[in-house]
Every structure is written in C-alpha cells, then in structure tokens.
Amino acid sequence: MLMTLRILNLGAGVQSTTVYLMAASGEIPSYDYAVFADTGEEPRPVYEHLEWLKRVGGPPIITCSSGKLGDDIVMGRNGTGGRFVTIPAFLEEDGRVGIGRRQCTREYKIDAVDRVIRRELLGLKPRQRVRAGVQVVQAYGISADEAGRSVRIRRRMEKHSRWLAPEFPLLDRGMTRADCVRWLAAYGVPHEVPKSACVFCPYRNNVSWVWLQQHDPDGWRRAVEIDEALRSGAVTVRGMRAKLYLHRSAKPLREVDFSSAADAGKQLEFHTECAGMCGV
Ligand code: SF4
C-alpha cells in the first residue's frame, strides 16, 4: 500500500512560519505534521510565537528534543557523549581568532526530527529500513535569498531518495525573506515573528545581541552564562589550547560594548536564523 507522509520542518522563524500559515490557509498543499526541534534555548518570543501558531488551526505541531543544548555545554558533554563543544564558538589562540566546528545542527535539530519521523511517525526500530511504498516529503522554509541551503539539504537526502524527498515551497514561488515578512503582515500575524536561534548562538551579530538584551533579558543572562562556561574548564577543545567565546571579538560577552550596534539596529540585518535546520 502506498503511503506519503508530508512533514514541515518548523523552526518557528519568519520563513517556516510563512510556510506553516500558507499550508494552514490552503495556499499550498498541507502537511500531516509540522515538527519543531527544540534545543531548549530559544528566546522567549519564539516560544510565545510557537504557542500562538498551535492555535491557528494548521497542521499538528510536534515538538521534539535531543536535550537542552546549553545544559550539555555546561556539563561538558554533547549529544554523542563526547567532551567537546558542538556549537560554532569562536576560538582564540595566540592572538588568532577562528571558529569551531558546528555539530549542534545535526545533533539537536536534524537528528531530532529524523528520530520523530522514523520512530514515532513511521514506527521503525533503530536502523530498520523504510518499507517499500512509503514516501516522506520533508518541507523547508528556505527563501530565494538563501537558495544555497537547499543544495546542502538535497545532497544530505540523496542517499535516502528511495523514500525521502525535500520540498521548498518558498523557493518554488521565488519568495524572499522580505516577501515572507510582507506575506505575514498581510495574513495578520498579531505580533512580530521573531528570529529563531539559540540565545547563545555564536552566529548572532551585534544587532542581534542587542535585540536579545532588550527582548529577552533571561535569554541574555543565559547567553552570558554559557559564554563563561565555555572557558570554565568543563569544556575541552580537542587537541587545542584555544579559549572559546560566543562573541566574534573573542571577548567575554558581558564585556562587549554594543553601544554602536544599538544605534545601527534599524539598518543592519540579524544573522541567518536557525529555521529548524541552521547551517544545512
Ligand atoms: S541556533 Fe546556533 S547554536 Fe543553536 S543549534 Fe543552530 S547553529 Fe547551533
């Protein structure tokens, strides 16, 4: 028997919210489920927005998790049991600043969604093959100005092409992020749809750090806590003596001067949001 399961990767940011609401309002074919992979570390406005989304009558929203990412960092562990940092923190060594590997996307986002699809929705045991006749469509809110991310997703899915296919409703319609913002305004979302990303994501620029300070003081304090944990000794960087920082200046977050960023807030763009598949 043929069965097709249609899943939306919901990051709860601007683009994936647009796709969700387009599906909810019948503008595009709907989804059986929208899956939100929760690192436990999103800004408060993202969780409030997610609760609002659950009330609009769209596809059922499933929240899944691979753990609380910041707690794992503080405990000096990661989703695979290794003792090294999975977020792309900045590394300073002998005056040179680089950026570390990012594994958080795979461990806390991609793998969490894959587990829901395989185990909960398809009822598979670990490593069990998807049976013939089952097709899964995974949709992503990738806009036309981020088209490169779709290439990486297609590549990642190629080895499962027998049963898994990606879908990019915004790309298919040539919609940019600005188009999404306009679409959301026309839809009548009663609040600004926030950027989705962990409060301590090192990909934030200064404007985004200032936004966090102003809109989510608890999230800001959490980011400072995680920044300090990175240099506490609990965390190791394999084979390196580097110090780790969340801010690209390689300064402790609480000591960074953001005064010019606050002035420039209207002109600068935030970092690319996680959108349920940051960095793919
Ligand atoms: S938002 Fe940043 S820290 Fe969080 S999972 Fe994505 S890349 Fe990692």
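What's counted below: heavy atoms across the whole structure, side chains too, no hydrogens, waters or symmetry copies. All ligand and atom numbering here is 1-based and tracks the order in the structure. We're numbering straight along the sequence, starting at 1.
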Problem set entry | Short N-O contact, K243 and E93, less than 4.0 angstrom |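 Salt bridge flag = no for E93 with K243.
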Exercise. Measuring to atom 2 (Fe) of ligand 1, does C201 have an N/O/S atom at a distance below 2.8 Å?
Worked result: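 True for C201.
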For this session: Check the hydrophobic clustering (I, L, V, M, F, W, Y; side-chain heavy atoms under 4.5 Å; chains of links allowed) and say if V137 and V113 are grouped together.
Result: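 Different hydrophobic clusters.
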Exercise. Taking 2.8 Å as the cut-off, does an N/O/S atom of C104 lie below it from atom 4 (Fe) of ligand 1?
Worked result: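 Short answer: no, not a single N, O or S atom is under the cut-off.
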Exercise. Can you list the ligand 1 atoms lying under 4.0 Å from a non-hydrogen atom of I87?
Worked result: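 Near I87, meaning under 4.0 Å from one of its heavy atoms, ligand 1 has 3 (S).
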Exercise. Which of the atoms of ligand 1 are close to R102, meaning less than 4.0 Å from one of its heavy atoms?
Worked result: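 So the answer, numbered in order with elements, is 7 (S).
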Exercise. Just checking, any donor-acceptor pair under 3.5 angstrom between side chains of S66 and E107?
Worked result: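 Distance-only check fails for S66 and E107.
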Exercise. Would you say the side chains of Y31 and E167 form a donor-acceptor pair under 3.5 Å?
Worked result: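 Their side chains do contain a donor-acceptor pair, which is all the 3.5 Å distance test asks for.
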